[in-house]
A.B. asks: 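Can you keep this structure in mind? I'll have questions shortly.
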Amino acid sequence: MARSDDWQRMIRGERFNSLAPDLLQQRELIRQRSAQFNRAPSKGHLKRLFEQFESVGEQCFVEAGIFVDYGSQMTLGRAVYINAHCVFLDSAPIRIDDEVLIGPAAQFYTVQHALDAQARANGVQWAEPILIKQRAWIGGGAIILPGVTVGVGAVVAAGSVVTRDVLDGALVKGNPAR
């Protein structure tokens, strides 16, 4: 499928229109594959879901209930565990390195929206990547906001809202996480 200028702008991290037909089509495809997996989380359905991802390491395990926006910008390292009902809005890359644990209902938001109401109504947005480094643990219900890096071995406590980078080995909690 030919990719629109908006798709290319999204990939480059520039402002793009999320209502472009190929972006809508990709979101619909990944939603269908996610729904198949969520109804019957077999290895076969997981492989179909993972076909949309940028790359997936060995020994990854994903519980049912996953929601992914595009999939094409998702990278999972080796032995990643994603618990039930997690959300990945991957308008920008979401890279999850090896041996990361993600608790239930964790949310990863790369997308940003314009402050201007008319621009929002027109679908204008941009995105910033998220990086979760090796052996980090993201607690249940945590929210990781655009542009955040969580360091090696860091822990994000359950229910925390992470608005800025987390240092290697740090424990952060709260809203905003500190």
A.B. asks: Is any side-chain heavy atom of V148 less than 4.5 Å from a side-chain heavy atom of R164?
C.D. replies: no
A.B. asks: Checking one residue: I11. Which other hydrophobic residues are in its cluster under the side-chain 4.5 Å linking rule?
C.D. replies: W7, M10, F16, L23, Y70
A.B. asks: Backbone N or O of S18 within a donor-acceptor pair of the R27 side chain at under 3.5 Å?
C.D. replies: yes
A.B. asks: When you measure from the side chain of S160 to the backbone N and O of V156, does any donor-acceptor pair fall under 3.5 Å?
C.D. replies: no
A.B. asks: Check R78 with E58, please: is the shortest side-chain N to carboxylate O separation under 4.0 Å?
C.D. replies: no
A.B. asks: Do the side chain of S4 and the main chain of D6 share a donor and acceptor less than 3.5 angstrom apart?
C.D. replies: yes
A.B. asks: I'd like to know if D97 pairs up with R135 as an ion pair, taking the criterion as any Lys NZ or Arg NE/NH1/NH2 lying under 4.0 Å from an Asp or Glu carboxylate oxygen.
C.D. replies: no
A.B. asks: Report the distance from atom CZ of F88 to atom CD1 of I94, rounding to the nearest 0.5 Å.
C.D. replies: 6.5 Å
A.B. asks: If you look at every heavy atom in A136 and G151, which pair is closest and at what distance?
C.D. replies: CB-O, 3.8 Å
A.B. asks: Check the hydrophobic clustering (I, L, V, M, F, W, Y; side-chain heavy atoms under 4.5 Å; chains of links allowed) and say if F53 and I130 are grouped together.
C.D. replies: yes
A.B. asks: Work out which heavy atom in D165 is nearest to a heavy atom in G147; give both atom names and the distance.
C.D. replies: OD1-O, 3.6 Å
A.B. asks: So do the side chains of R15 and R9 get within less than 4.5 Å of each other, counting heavy atoms only?
C.D. replies: no
A.B. asks: Determine all donor-acceptor pairs shorter than 3.5 Å in which one atom belongs to a side chain in residues 168-178; sequence neighbours excluded.
C.D. replies:
residue	atom	partner	partner atom	Å
D168	OD1	V152	N	2.8

A.B. asks: If you round to the nearest 0.5 Å, how far is CG of D98 from CD1 of I132?
C.D. replies: 13.5 Å
A.B. asks: When you compare the side chains of T110 and D90, does any donor N or O come within less than 3.5 Å of an acceptor on the partner?
C.D. replies: no
A.B. asks: Mark yes or no for whether Q112, through its side chain, and W126, through its backbone, hold a donor-acceptor pair below 3.5 Å.
C.D. replies: no
A.B. asks: Under 3.5 Å, is there a donor on one side chain and an acceptor on the other for E28 and Q32?
C.D. replies: yes
A.B. asks: When you measure from the side chain of N83 to the backbone N and O of G103, does any donor-acceptor pair fall under 3.5 Å?
C.D. replies: no
A.B. asks: Would V155 end up clustered with V162 when hydrophobic side chains under 4.5 Å apart are linked, directly or stepwise?
C.D. replies: no
A.B. asks: Nearest 0.5 Å please: distance from the CZ atom of F37 over to the CD1 atom of I66.
C.D. replies: 7.0 Å
A.B. asks: Between the side chains of Q118 and N122, does any donor sit under 3.5 Å from an acceptor?
C.D. replies: yes
A.B. asks: Is any side-chain heavy atom of K133 closer than 4.5 Å to a side-chain heavy atom of T149?
C.D. replies: yes
A.B. asks: Taking all non-hydrogen atoms of both residues into account, name the closest pair between C86 and A105 and its distance.
C.D. replies: SG-N, 3.9 Å
A.B. asks: When clusters are formed by joining ILVMFWY residues with side-chain heavy atoms under 4.5 Å apart, either directly or through shared neighbours, do I30 and L24 land in the same one?
C.D. replies: no
A.B. asks: What is the distance from atom CG of D69 to atom CZ of R31, rounded to the nearest 0.5 Å?
C.D. replies: 5.5 Å
A.B. asks: Quick one: are F50 and V62 in side-chain contact, heavy atoms under 4.5 Å?
C.D. replies: yes
A.B. asks: With hydrophobic residues grouped by side-chain heavy-atom distances under 4.5 Å, do L131 and V150 end up in a single group?
C.D. replies: no
A.B. asks: Over all heavy atoms of both residues, which pair between A114 and A119 is shortest? Give the atoms and the distance, please.
C.D. replies: CB-CB, 3.6 Å
A.B. asks: Give me the atom names and distance for the closest heavy-atom approach of G77 to C60.
C.D. replies: O-SG, 3.0 Å
A.B. asks: Flag the pair I138 / F108 as yes when at least one side-chain heavy-atom distance between them is below 4.5 Å, and no otherwise.
C.D. replies: yes
A.B. asks: Using a strict cut-off of less than 4.0 Å between a Lys/Arg side-chain nitrogen and an Asp/Glu carboxylate oxygen, indicate whether E54 and R95 qualify as a salt bridge.
C.D. replies: no
A.B. asks: Does any non-hydrogen side-chain atom of Y81 lie less than 4.5 Å from one of E63?
C.D. replies: yes
A.B. asks: I want to check something: taking the side chain as every heavy atom from C-beta on, are E99 and V80 in contact at a cut-off of under 4.5 Å?
C.D. replies: no
A.B. asks: Measure the CG-CG distance between D5 and D22 for me, rounded to the nearest 0.5 Å.
C.D. replies: 9.5 Å
A.B. asks: With a 3.5 Å cut-off and no angle check, do the side chains of E14 and Q8 form a donor-acceptor pair?
C.D. replies: no
A.B. asks: How far does CG of L76 sit from CD1 of I102, to the nearest 0.5 angstrom?
C.D. replies: 7.5 Å
